[in-house]
Visitor: 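To start, I am sharing the structure in question, which I have written as structure tokens.
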There are 2 protein chains.
Amino acid sequence: MIRKLESIFVLTDDERQALETLPMQVVAIKENQDLVRAGDRPSRSCLVLSGFACTYKMTVQGKRQIVSFNLPGDIPDLQSLHLRVLDNGISTISPCRVGFIRHEALRDICDRYPRIASAFWRETLIDASIFREWVLNVGQREAYTRMAHVLCELLTRLGAVGLTQDHSCNLPITQSEFADALGATTVHVNRVLQQMRADGLIELKGDRLNIPDWEKLKRVGEFDPTYLHLEDYQAAA
Amino acid sequence: MIRKLESIFVLTDDERQALETLPMQVVAIKENQDLVRAGDRPSRSCLVLSGFACTYKMTVQGKRQIVSFNLPGDIPDLQSLHLRVLDNGISTISPCRVGFIRHEALRDICDRYPRIASAFWRETLIDASIFREWVLNVGQREAYTRMAHVLCELLTRLGAVGLTQDHSCNLPITQSEFADALGATTVHVNRVLQQMRADGLIELKGDRLNIPDWEKLKRVGEFDPTYLHLEDYQAAA
DNA sequence: CGAGATGTTGAGACATGTCAAGAATTGTGG
DNA sequence: CCACAATTCTTGACATGTCTCAACATCTCG
């Protein structure tokens, strides 16, 4: 988290100190475990330290829509700091290490360091931006493009936290999880992935994803990373 | 806007005074005009004073996805306060009165009144929550349910700012705009609406929407207003 | 080695898209 | 206040992306 914030602006010693000493309960959690559920009124937020998680919502009929993937450095329920009731669940996808931070501690640090408060606010705004892009993705693109787009996003965001090597990465996401993220069927995701392999767009085996031709994947996925708002990170780098 | 904030918490005289004197350039704008475009780096945010607007994104192939409707009281690009580049456009749907507020003015009021800053943050979090629900809606529900859901949301949000009479309201939204919001075709939206009329779910003629059986529409649309986070408003009322 | 999860395949069904045309409504200038 | 143009709405026939179901293959891991 510090690393993420640090890439937005230069932390003062005080600010860094405050962030580093932020009291946090670190827990190791297996895959497919809910961190929080819709309807909860949490008094703490969770910081993903390692592993993949996802934010999801359920239909009355029990269909699941993953609305975003949560990667290391993300605080997927930072919103609960200002919204009493959670309207979504958060579940691990792979085994994770998660840091739970009490809201009081977050409020305290926000009160004392306005720039940190702004940075947190900004993080939630980027989340919102990603949701917007997902609405577009799910609403207007066909499954093949949609899949390519999500892969581009994942690779880009993983890259931003140093979890890619060249254009490959660890990707412990199941086809049925992709299905829930794309608003598609497992069967259909399977076929789309095979087509993408056949087209030389991706090499995907087990947990390992490699992108032979990044520019091509971006083109196919209509991927423009503006919505991730990494520009400031890069400006800082 | 004041009214919306006021329903969250009791403003002090100072806070109210600050909000009321917030310098704002009020402009009347025709329908189908962009207020801002993707790629802009605005130095002000817009407050919808009257009329309907929408936030949208475009596909490379020129397909439009409306990601939210902006109703009176909304500040659809409040995010630009902390994100340099806009990743979406905002367009009027009906003729609107819009107040443009400079970012400096917003920053200033946030600095001086932390509770107002929190309330603004909260507004953007509710926007994000709505986006999440839309991802679910577009990703997992079929068009009929989806339409019912969007109508429920509109009616509820309009009700929250006093723009409904009983269960009817003014709704200057075109079928093709609904299509862009649902990720569906105009033709299909037309058929869905006719079916809903036939089923006695809605009475929709021109700009006028009436809901004969609100509970039924909510049921059909799988509508649970939790995600709008009006609970505090009601608590305050 | 076996069990459960995950991935793969095929055939048929259905929701929704496409195209194309005509009807109804709305706004506007004469 | 009419007439025309431009939207918006409606309808039909057909195409297609995606789903459903159901079986089987493969992998992972205790």
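Every chain is numbered from 1, with letters handed out A, B, ... down the list of sequences.
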Visitor: Is a salt bridge present between B/Arg141 and B/Glu222, judged by a nitrogen-to-oxygen distance below 4.0 Å?
Guide: yes
Visitor: Using a cut-off of under 3.5 Å, enumerate the N/O to N/O pairs linking the protein to nucleotides 13-18 of chain D.
Guide:
| residue | atom | partner | partner atom | Å |
| --- | --- | --- | --- | --- |
| D/dT18 | OP1 | A/Ala143 | N | 3.1 |
| D/dT18 | OP1 | A/Arg146 | NH2 | 3.4 |

Visitor: What's the NZ-C1' distance between B/Lys30 and D/dT7, to the nearest Å?
Guide: 15 Å
Visitor: Return no unless some side-chain N or O of A/Asn190 is found under 4.0 Å from OP1 or OP2 of C/dT8.
Guide: yes
Visitor: Salt bridge check, B/Arg37 against B/Asp40: does any charged N sit closer than 4.0 Å to a carboxylate O?
Guide: no
Visitor: Could you give the NZ-to-P distance, from B/Lys205 to C/dT26, as a whole number of Å?
Guide: 7 Å
Visitor: How close or far is atom P of D/dC19 from atom CG of A/Asp180, stated in whole angstroms?
Guide: 11 Å
Visitor: Please tell me if the side chains of B/Met147 and B/Met196 come closer than 4.5 Å, counting only heavy atoms from C-beta onward.
Guide: yes
Visitor: Does OP1 or OP2 of C/dT8 have a side-chain N or O of A/Arg197 closer than 4.0 Å?
Guide: yes
Visitor: Please state how far atom CD in A/Gln194 lies from atom P in D/dT26, giving the value in whole angstrom units.
Guide: 13 Å
Visitor: Going by an N to O cut-off under 4.0 Å, is there a salt bridge joining A/Arg146 and A/Glu142?
Guide: no
Visitor: To the nearest angstrom, how far is A/Gln140 atom CD from C/dT18 atom C1'?
Guide: 15 Å
Visitor: Would you kindly give the CG-to-P distance between A/Leu182 and D/dC19, to the nearest whole Å?
Guide: 10 Å
Visitor: State which residue, out of A/Thr55, A/Ile130, A/Asp74, A/Ile173, fulfils the side-chain contact (heavy atoms from CB on, under 4.5 Å) condition with A/Phe69.
Guide: A/Ile173
Visitor: How many Å lie between CE on A/Met196 and P on C/dG7, as a whole number?
Guide: 15 Å
Visitor: Roughly, in whole Å, what's the span from CG in B/Asp207 to C1' in D/dT7?
Guide: 13 Å
Visitor: Given A/Phe178, which partner from the list A/Thr186, A/Val192, A/Asn190, A/Val189 fulfils the side-chain contact (heavy atoms from CB on, under 4.5 Å) test?
Guide: A/Val189
